[in-house]
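Heavy atoms only: backbone and side chains are in, while hydrogens, waters and symmetry mates are out. Just so we're on the same page: letters track the sequence lines, and every chain starts at 1.
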There are 2 protein chains.
Amino acid sequence: MAEETAATNEHPSDVDPEHWNVENYPVPDMADVQLIDVLRAVADPIRLEIVRRIADGKPQPKSRDTWGFDVQKSTLSHHFKTLREAGLIRWLVNGRQHDIQLRRAELDDRFPGLIDSLLAD
Amino acid sequence: MAEETAATNEHPSDVDPEHWNVENYPVPDMADVQLIDVLRAVADPIRLEIVRRIADGKPQPKSRDTWGFDVQKSTLSHHFKTLREAGLIRWLVNGRQHDIQLRRAELDDRFPGLIDSLLAD
DNA sequence: AAAATAGTTTGACGAACATCGAACCATCGG
DNA sequence: CCGATGGTTCGATGTTCGTCAAACTATTTT
C-alpha cells in the first residue's frame with residue numbers, strides 16, 4: 001500500500017529546501033508505481049523528451065520557453081501533471097516559479113536501467 | 001532509411017528455417033525503429049505482458065490459450081500485429097501454426113538495457 | 001491597489017486506440 | 001472434397017487522451 005508522500009513525510013535528500021511547497025502537489029509512493037504507468041507516461045513524444053532533458057536530476061523550470069515545444073501552456077501543464085501523477089517527477093514550487101525534477105534515485109531503485117535506456121541516441 | 005526486411009533479405013541467425021513464411025509479414029528495419037514507437041507498443045498491459053513472456057527469445061504460439069488473456073482472438077491478433085509493426089517481434093508462420101519471437105538481439109543492440117528493464121519485478 | 005506574471009483547471013473537441021463480432025482466408029485431417 | 005482449425009481483417013463502438021481556449025488562482029511588481 002504505502003501512502004502518498006504528503007505534508008507529513010520527509011523529503012528525499014535531493015530536494016532543495018528552498019523549494020518549500022512540494023507538499024501541495026503529492027507524488028505517489030514509488031513502491032506503488034507500476035511499470036505500466038511509467039511506460040504510459042513516457043509513451044508520448046513530448047513527455048519522453050521532457051524526461052530525457054531532466055534525466056540528470058537537475059530541476060528545470062516549467063516555463064514554456066524553457067522547452068520550446070509547439071503546444072500551449074495548458075497542454076504543457078497537463079504533461080507535467082501526468083508525469084507527476086505517474087511518479088516520474090516532483091514539482092518544486094517557489095512562488096510563481098515552478099520547477100520539475102526527475103525522481104531519479106527512486107526510479108533507478110525501483111526500475112533499474114529504465115531511465116538510462118531512454119537516453120540512448 | 002533502410003528498407004523493410006522483405007522476401008529478398010536474409011534471415012537473422014535466430015530464425016528457425018522451419019518457419020519459412022516470415023517474408024509475408026514484414027518487419028521494420030531496426031535502424032528505422034524509434035524509441036517512442038517501442039514505448040507506445042509496450043505501454044499497453046497486454047502487450048507488455050506478451051513482451052515479458054517472450055523476453056528469452058524463444059518462439060511462442062499465438063494461440064489464445066497459450067496466453068490466457070481475457071480478450072477475443074481478434075484483439076490478440078491486433079496486439080501481435082501492433083508489436084510486429086512497431087519492430088518488437090517477428091512472426092514465424094508455419095501452416096496454421098503461428099509463432100511470435102522477440103527480436104531480442106536487434107532490440108538489445110538498438111536500445112541497450114530497455115528490454116531488460118521491462119523484466120524487473 | 002492595480003496590473004502583470006506564472007501556472008492551473010475546466011470543458012470541449014477530435015484523433016487514436018482497445019475491443020468485439022462477423023466475415024473471411026488458408027491449411028490440415030478425415 | 002468437406003469440415004474443422006488457427007488465424008486475419010473489417011467495421012462498429014466506446015474510451016482514453018492530447019490539445020486548445022478561456023477562466024481562474026496565486027504571486028510579484030509597480
Separation of atom CG in A:Asp65 from atom C1' in C:dG7, rounded to whole Å: 13 Å
Exam field: side chain B:Trp67 to backbone B:Pro61, donor-acceptor pair closer than 3.5 Å: yes
Among C:dA18, D:dT9, D:dT19, the one nearest B:His79 by side-chain distance: C:dA18
Interatomic distance, B:Leu83 CG vs D:dT8 C1' [rounded to whole Å]: 16 Å
Distance in angstrom units between A:Arg84 CZ and C:dT9 C1', rounded: 12 Å
Length of the NZ-C1' vector between B:Lys81 and D:dG6, whole Å: 17 Å
Chi angles and distances behind the side chain to side chain contact (heavy atoms under 4.5 Å, CB included) call for A:Leu107, A:Leu114: CA-CA 8 Å; A:Leu107 284 166; A:Leu114 179 55; over 6 Å; no
End-to-end axis angle, where each axis spans five pairs of the helix from C:dA1-D:dT30 to C:dG30-D:dC1, to 10°: 20°
Side chain A:Gln60, main chain A:Ile100, donor-acceptor under 3.5 Å: no
Any B:Phe111 side-chain heavy atom under 4.5 Å of A:Leu118 side chain: no
Side-chain heavy-atom pair A:Trp91, A:Ile89 within 4.5 angstrom cut-off: yes
Donor-acceptor contact below 3.5 Å, side chain B:Arg84 vs main chain B:Pro26: yes
Touch class at under 4.0 angstrom, heavy-atom based, for A:Thr82 against every strand present: nothing
Results of side-chain contact (heavy atoms from CB on, under 4.5 Å) for A:Thr75 - residues two or more places apart only: A:Val71, A:Gln72, A:His79
Whole-Å distance separating the CZ atom of A:Arg64 from the P atom of C:dT8: 14 Å
Partner residues of A:Ser77 under the side-chain contact (heavy atoms from CB on, under 4.5 Å) criterion, sequence neighbours left out: none
Rounded interatomic separation in angstrom, taking CG from B:Asn94 and P from C:dT27: 11 Å
Nucleic acid contacts of residues 37-55 of chain A, taken as heavy-atom distances under 4.0 Å to DNA chain C: none
d(CZ, B:Phe80; C1', D:dG7) in whole Å: 10 Å
Do any side-chain atoms of residues 37-46 of chain B form donor-acceptor pairs under 3.5 angstrom with protein atoms, and if so which ones, sequence neighbours left out?
from: B:Asp37; atom 1: OD2; to: B:Gln34; atom 2: N; distance (Å): 3.3
from: B:Asp44; atom 1: OD1; to: B:Ile46; atom 2: N; distance (Å): 3.0
from: B:Asp44; atom 1: OD1; to: B:Arg47; atom 2: N; distance (Å): 3.1

Where do N or O atoms of nucleotides 1-4 of chain C meet protein N or O atoms at under 3.5 Å, pair by pair?
none

Partner residues of A:Thr66 under the side chain to side chain donor-acceptor pair (under 3.5 Å) criterion, sequence neighbours left out: A:Ser63
Interface with DNA chain C, restricted to residues 68-78 of chain A and to heavy atoms under 4.0 Å: A:Lys73, A:Ser74, A:Ser77
Reference residue B:Glu106; test side chain to side chain donor-acceptor pair (under 3.5 Å); the match among B:Arg110, B:Arg104, B:Arg103: B:Arg103
Short side-chain N/O contact from A:His98 to OP1 or OP2 of D:dA26, under 4.0 Å: no
All pairs passing salt bridge (charged side-chain N to carboxylate O under 4.0 Å, His left out) where residues 50-71 of chain A contributes a residue, at least two apart: A:Glu49-A:Arg53
Partner residues of A:Asp109 under the side chain to side chain donor-acceptor pair (under 3.5 Å) criterion, sequence neighbours left out: none
Would you tabulate the pairs of protein nitrogen or oxygen atoms and nucleotide nitrogen or oxygen atoms of nucleotides 13-15 of chain C closer than 3.5 angstrom?
none

